[in-house]
Amino acid sequence: MDINTHVPSAVREYFTRMDSSDKAQAIDVFTPDARVQDDGHSYRGHAEILGWLTGAASEYTFTSTWLSAQATENTATVVIRLEGSFPGGVVDLRYVFATTPDGRISALSIAP
């Protein structure tokens with residue numbers, strides 16, 4: 001069984017959209033007041049998150065491999081291995097999502 005089936009559909013959709021060439025389309029899975037923390041920076045709301053999606057989150061090319069996934073009613077933690085054109089070339093990242101009852105992402109924290 002594919003481990004990503006254990007997480008909410010918005011989380012699966014986030015990764016699907018982030019694997020595309022147009023990462024900006026991932027904004028649709030976030031609530032309007034969502035928060036993202038990545039690489040020591042915080043982004044709040046659609047405008048700032050869209051800036052992150054089209055800027056820092058799109059800076060490098062990479063492939064991703066799901067290593068693990070766990071979910072509860074309103075949280076999901078996914079560990080992904082990224083391999084790509086960024087410094088170091090390989091990193092395992094922990095993505096921690098908070099989701100709303102309507103299934104959208106209200107918060108995302110990304111850390112090694």
Side-chain angles (χ1 to χ4, degrees):
M1 177 175 8
D2 190 359
I3 61 174
N4 71 6
T5 60
H6 297 291
V7 298
S9 60
V11 172
R12 291 191 311 271
E13 189 64 24
Y14 166 82
F15 286 109
T16 297
R17 293 177 183 206
M18 290 301 287
D19 283 343
S20 78
S21 60
D22 183 10
K23 292 175 178 36
Q25 64 182 322
I27 195 67
D28 296 335
V29 299
F30 289 96
T31 62
D33 62 343
R35 296 176 325 275
V36 172
Q37 289 205 237
D38 179 37
D39 200 25
H41 300 282
S42 295
Y43 308 92
R44 185 172 190 99
H46 275 183
E48 289 184 14
I49 294 171
L50 188 58
W52 169 73
L53 289 168
T54 59
S58 294
E59 188 173 356
Y60 302 105
T61 58
F62 57 86
T63 59
S64 60
T65 304
W66 286 61
L67 300 178
S68 67
Q70 297 178 327
T72 64
E73 187 174 329
N74 31 349
T75 64
T77 301
V78 179
V79 178
I80 300 282
R81 174 164 292 146
L82 299 180
E83 297 183 53
S85 63
F86 50 87
V90 178
V91 65
D92 292 348
L93 295 177
R94 179 177 305 280
Y95 293 75
V96 180
F97 296 87
T99 56
T100 61
D102 70 353
R104 295 173 67 197
I105 297 168
S106 59
L108 168 59
S109 175
I110 305 170

Discussion item. Under the rule for side-chain hydrogen bond (donor to acceptor under 3.5 Å, both in side chains), what residues qualify as partners of S106, not counting sequence neighbours?
Written reply: none

Practice prompt. Could you list the residues that satisfy ring pair (Phe, Tyr, Trp, His ring centres under 6.0 Å) with F62, not counting sequence neighbours?
Written response: none

Please tabulate, for side-chain N and O atoms in residues 40-52, each donor-acceptor pair with protein atoms closer than 3.5 Å (sequence neighbours left out).
from, atom 1, to, atom 2, distance (Å)
H46, NE2, F30, O, 2.9
H46, NE2, T31, O, 3.3
E48, OE1, R44, N, 2.8
W52, NE1, D38, OD2, 2.9

Practice prompt. Supply the atom-to-atom distance E59 CD to K23 NZ, rounded to the nearest 0.5 angstrom.
Written response: 12.0 Å

Item to complete: Treat each ILVMFWY residue as a node, draw an edge where side-chain heavy atoms are under 4.5 Å apart, and state whether I27 and L108 are in one component.
Response: yes

Worksheet item: How would you list, by chain and number, every residue that makes a side chain to side chain contact (heavy atoms under 4.5 Å, CB included) with A26, sequence neighbours excluded?
Response: Y14, R17, M18, L53

Practice prompt. Give a yes or no on whether V7 and F15 share a hydrophobic cluster (residues Ile, Leu, Val, Met, Phe, Trp, Tyr; joining criterion: side-chain heavy atoms under 4.5 Å apart).
Written response: yes

Worksheet item: Which residues pass the side chain to side chain contact (heavy atoms under 4.5 Å, CB included) test with S21, sequence neighbours left out?
Response: none

Discussion item. Tell me whether V29 shares a hydrophobic cluster with W66, the cluster being built from Ile, Leu, Val, Met, Phe, Trp, Tyr side chains joined at under 4.5 Å.
Written reply: yes

Worksheet item: Is it true that atom CD of E83 has more than 12 heavy atoms of other residues, nucleotides or ligands lying nearer than 6.0 Å?
Response: yes

Worksheet item: By side-chain hydrogen bond (donor to acceptor under 3.5 Å, both in side chains), which residues pair with T63, not counting sequence neighbours?
Response: none

Practice prompt. Can you sort out the partners of T72 under side-chain hydrogen bond (donor to acceptor under 3.5 Å, both in side chains), two or more places apart, ordered by chain and number?
Written response: T75

Practice prompt. Would you list the pairs meeting side chain to side chain donor-acceptor pair (under 3.5 Å) in which at least one residue belongs to residues 91-100, sequence neighbours left out?
Written response: R81-D92, T100-D102

Discussion item. Please enumerate all residues that pass side chain to side chain contact (heavy atoms under 4.5 Å, CB included) together with S64, with sequence neighbours excluded.
Written reply: D19, I80, L82

Worksheet, complete the sentence: Sorted by chain and residue number, the side chain to side chain contact (heavy atoms under 4.5 Å, CB included) partners of Y60 (sequence neighbours excluded) come out as S85, F86, P87

